[in-house]
Structure formats: structure tokens, C-alpha cells
Amino acid sequence: VRRALVVLALAMMPAAVSAQSSQFGVRGLGMPGRPISARAFSSGGAFAMFDPLSSLNPAALGGLKSLTAGFAALQDFRHVENPAGSQSLRETRFPHLSVAGPIGQRPGVVGVSFSNYTSRDFTLASADTIPLRGVPVPVSDTFASRGGLSDLQAAGAYRFKDTWVVGGSFDVITGSARLSARRTFADTSYQASRQQSELSYAGIGVSLGVVRNFGPAFSVAATVRSDGHVNVDRDSARVDRIDLPYTFGLGVRWRVQPKLELAGQGVMRTWSAANSDLLAQGGTGADNTLELAFGGEYMPNPKRPGSGPIRFGARYGRLPFPLVPGEQPHEFGISAGTGLQFAQDRAGIDLGLEHVWRSAGAFSERTFLVNVGVTVRP
Amino acid sequence: VGGEPSSRALIRFGLSDAFLDSATVVRATLELLPARPILGLPTDPTLLDTRLVLGDIGAKSPVTVDPTFIQFDTLPAVQTDTVRVEVTRMVQAWQASRARPQSVFLTLRPEAASFTRAVFGSTRSPSIGAPRLRITYQRSFPFETP
């Protein structure tokens, strides 16, 4: 029955939808992504610092015992409200992909991952009346962006017995946004105009992480990451250089009972480093962000933790790029999920659901997220 | 322009490369100032035909036959005001290729078969005013603004 429910949930995902990210990703570099697996997603991200298939903490790779590939698909159903009105939107993304495995019989693990760093998918429409040749002419404007920044990460971790795990990663931040601006005139003497451009981004980041296991029931993880800066080219011509944040993360995991595990984490990103660069380009700036998450995982069968667990969690965070200067957006989400492993635990599907509320001043949105993760251990 | 024997006019412009490279033209209007009232017959309408010049070799310049770059309009029986012709497509064609001369050819139709004869000001008659292009354009969109 459980397998049938998973197949039914997959079948309900639309095959083609219009791409439209959060309205809070319109300014700055876009809507920050979350480099986490479907399993970590289901618990609000609380286990991400310990999850080997997430890319938040390179030391978490040390938890892998065999070659594993993970893939996540995210479906977003959103209701947006702002001073221009309200609208229901949806979006499909593939926010995270990872492959990692141990190095022979050594206590080392290496892996690569590809995740969404920021998303810049949006279309904005507005109407106005402007004077042309001394006559007021109604115009309609459309501004659209498709793309964003991605994080290609190569990471490694090394286990010192079962007590310490240290890890590091090298990240290539790359991507592009295809932008277009279109204006139509109510007076047909004026021809509709369309301008297009492509912004491409390139940067490099590094991170270090550690996991300390205090016995089998309690662990602490920490990570620090520097993303340096990203160069911004418009149609191959350098137009900007934007400083990217440092990331500091701390997480704890506690196995309360053999069947119940709880975790919590806090992640701070110094996005204010980009503030002066964005303001200099005419943007609205950037603010530091803090994300707090708490969650748990109940495993009916501790010998097979990946089959049929009940995951739950909540998170609160701030978003870096304000739509209006001085009004930093924030979000709150509650999540739940489960998973299923089959083929002698060589394959698995994780399903996570999250309801997120985001707001900043007169702008708000409610989002229902469906995250489906596929894990393969060949 | 027009009359009998029929006259034609070649008008040359010199828009800068900087403008043609960076602006998005949404409307261009050719404005011709009559040197004197243009008289015609109400029952014998005359069309002012404006065509893109393919290669500027003077009076014998080849002109386009592509209707996209041909603009014509009927002149009233008595025209004393400025004659305006929409030439947006022609200016956009100049933007698309620098090799194309920034010139247009004016004729009256039916050629050599109407009583209408239009005389417009030119650079040789500064007291009347030369033909001019009135261009409405958009500057490059600031896509890089975050």
C-alpha cells in the first residue's frame, strides 16, 4: 500500500509547468537554494549537517558506507499576495544531485554534488501610462528571468575511528540568467520592443566541516564556508563583482530512543557582504541571514531506518534580498515526510512535504512544497 | 516630387553608429515640410510612396520591392501641413545592417499621371526646413541592476 501511495504521489506531479520562483527571489542574486536531500528536507533541514546526501557539511560524507547516488525533484505550489494583487503559481525544480562513496577500504569518502545556489526564475508584468511625443500612451511591460546560480561541489571526508569526521569541499559557483524585457503600446503606431540579455556568473568557494560523535546517541557538527565573490558578466562583458557570504553552521543530533532521533541546527550566512556591491549597482542591498531548524525522525524498524520512517520538522529563516529596502523577508515552514527502501536497500524513495509562509511588509506568499528524492546504491 | 515629367527625391540621413547599436527604435516618423501647399484633385487621389534604398548610387539607386520596407499614404487634395510618414521598419533595417545606406526614395503614384506636385524643403532650402526623422526609442535595459 505504501509503495502504491508513493507511485500515486509521483503520478500527480505535473509534467510541464510554468517556471516561477518566489517573489522574494526577484532582487539581488535570487532566491537562495537549499542544498539538502529529500530526507533532510522532510525534517525541516534539521539533519542536513549530518546527512551525507546533503551538501551543507562536507564532513557528513563520512557517514556513507557504500557508493550512493541521490537525486531530488521539488514541486512548488504557491499563492502570492502583493500590492499588485494575488496569484497562484507553481514551479518544478531539480535542486540537488549528489554522488559519493568510500575510497576502497579506507576511512575516506569522496563525492560530488550539484545543487541550486540561487534561483532567478520569474516573470513580472506591470502597466503604466507614459508621455510620448506629448501624448499619454498606455504601456504594458513584462520583465522575465530564467536561470540562476548553481553550486558544483567536490568534497571529501575522513573518519578518525568513529569519533571524529573531518571534511572539506571545493565549490564552483556558476550559472546564468537569461533576461528579457518587453514593452507593448496601446497606440499601435509604436512597435512593441523586446530586449534580451544574458548574465553569467562565476565564483569559487571552499568549506570545512567536522562531525564529533559522543557515543552512538549524540553528535555535534559544525561547518564553515567561504564563497569569496562572484563575477557577473553581461553578454560576455564584465559588469560587476559581488561578494558572497561566509556560512557558519552548527548542528546537534540526539538519539533519544532506538526508534527516535532528534536534531537541530543553525546556519548563518553573512550576505551583508554583498550589500555594498548590490547597492552600487542600483539594487536594494542584502542582509545577513539566520536559519534555525528543528526536527525528528521516528523509525518503526531501527534495523532498517530508511524504510517507513516518519520525519517531521520546522524551520525559521530570513532571506537575504529585500524587495523594499529595510524590509528583510522571513519564512517559516513545517514539514513532514517518509521514505521507502527496496531492492535489498539498494534503492529508495523519500517523500517530503513542506508548508512555508514567507512575508515582508505588504508582500507575502504561502507555498506547498513536494520533494521527491531517489537514492540508488549500485 | 511628382508632376510631369515626374520627379523623385532621394533623402539621406546620418544616424550615428552609437545610436543604431544601442537604441531600440519603437517609432520613426519622416517629417517633410511643404515649400508650398500641395494641390491635387479630389477625384484623382495621389499616393506618396516612400521606399528603402538598397544601394545609394544617386538618382538611379535601386529601391526595395519588399512591402515591409515600403510605406505609402494618400495625400489630401490640399496639403499645407507637415507630411508625416511612418518609417520605423526602415530605420530598424538600418540598425540591422550598416552596409545599407540610410536613405529613402520618395515618389508620387501614379507617377507622371497626376496633377499633384509636391515640393518639400531640403538642406538646400534652410529657410523652409530640411526633412527630419522623429525617432522614439528605448535605451538599453539595465539588466545588470540586481
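Keep in mind the model is a prediction, meaning the values are calculated, not measured. For the numbers below, each heavy atom of this structure counts, side chains included, while hydrogens, waters and symmetry mates do not. Chain letters run A, B, ... following the sequence lines, proteins first and then strands; every chain starts at 1.
For CZ of B:Phe72, the number of neighbouring non-hydrogen atoms (other residues, nucleotides, ligands) closer than 6.0 Å is 12 at most. More than 12 heavy-atom neighbours from other residues, nucleotides or ligands sit within 6.0 angstrom of CZ on A:Arg238. In A:Phe332, the CZ atom is crowded: over 12 heavy atoms of neighbouring residues, nucleotides or ligands sit closer than 6.0 Å. When the shell of 6.0 Å around OH of A:Tyr246 is examined, it contains 12 or fewer heavy atoms from other residues, nucleotides or ligands. Counting heavy-atom neighbours within 6.0 Å of B:Arg132 CZ, excluding the residue itself, gives a total of 12 or less. In this structure, B:Arg89 places its CZ atom where only 12 or fewer heavy-atom neighbours from other residues, nucleotides or ligands lie under 6.0 Å away. Heavy atoms of other residues, nucleotides or ligands lying less than 6.0 angstrom from CZ of B:Arg109 number more than 12.
Heavy-atom minimum distance, A:Val239 versus B:Glu144: CG2-CB, 3.9 Å. The nearest pair of heavy atoms linking A:Leu179 to B:Phe143 is CB-CD2, 3.4 Å. Shortest non-hydrogen contact noted between A:Gln195 and B:Arg139 is NE2-O, 3.1 Å. Smallest separation of non-hydrogen atoms from A:Arg27 and B:Pro146: NH2-O, 3.1 Å.
Only the side chain of A:Leu132 comes within contact range of chain B, with heavy atoms under 4.5 Å apart. Residue A:Leu278 touches chain B through both its backbone and its side chain, counting heavy-atom pairs closer than 4.5 Å. Residue A:Arg183 touches chain B through its side chain alone, counting heavy-atom pairs closer than 4.5 Å. For a residue to count as touching a neighbouring chain, one of its non-hydrogen atoms must lie under 4.5 Å from one of that chain's; by this rule A:Ser180 touches chain B with the backbone only. Only the side chain of B:Thr24 comes within contact range of chain A, with at least one heavy atom under 4.5 Å from a heavy atom of that chain. Looking at A:Gln196, only its backbone comes within 4.5 Å of chain B, counting heavy atoms on both sides.
Each of A:Tyr190, A:Phe143, A:Phe321, A:Phe185 has some count of heavy-atom pairs under 4.5 Å with chain B, and the biggest count is that of A:Tyr190. Taking chain B as the reference chain and counting heavy-atom pairs below 4.5 Å, the highest number among A:Gly28, A:Ala177, A:Ser145 is found for A:Gly28.
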Stepwise side-chain contact (heavy atoms from CB on, under 4.5 Å) check, B:Arg134 with A:Arg133:
CA-CA 9 Å; B:Arg134 188 175 189 183; A:Arg133 302 188 181 187; 3.7 Å; yes

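Donor-acceptor pairing under 3.5 Å is recorded for the side chains of B:Gln138 and A:Ser193.
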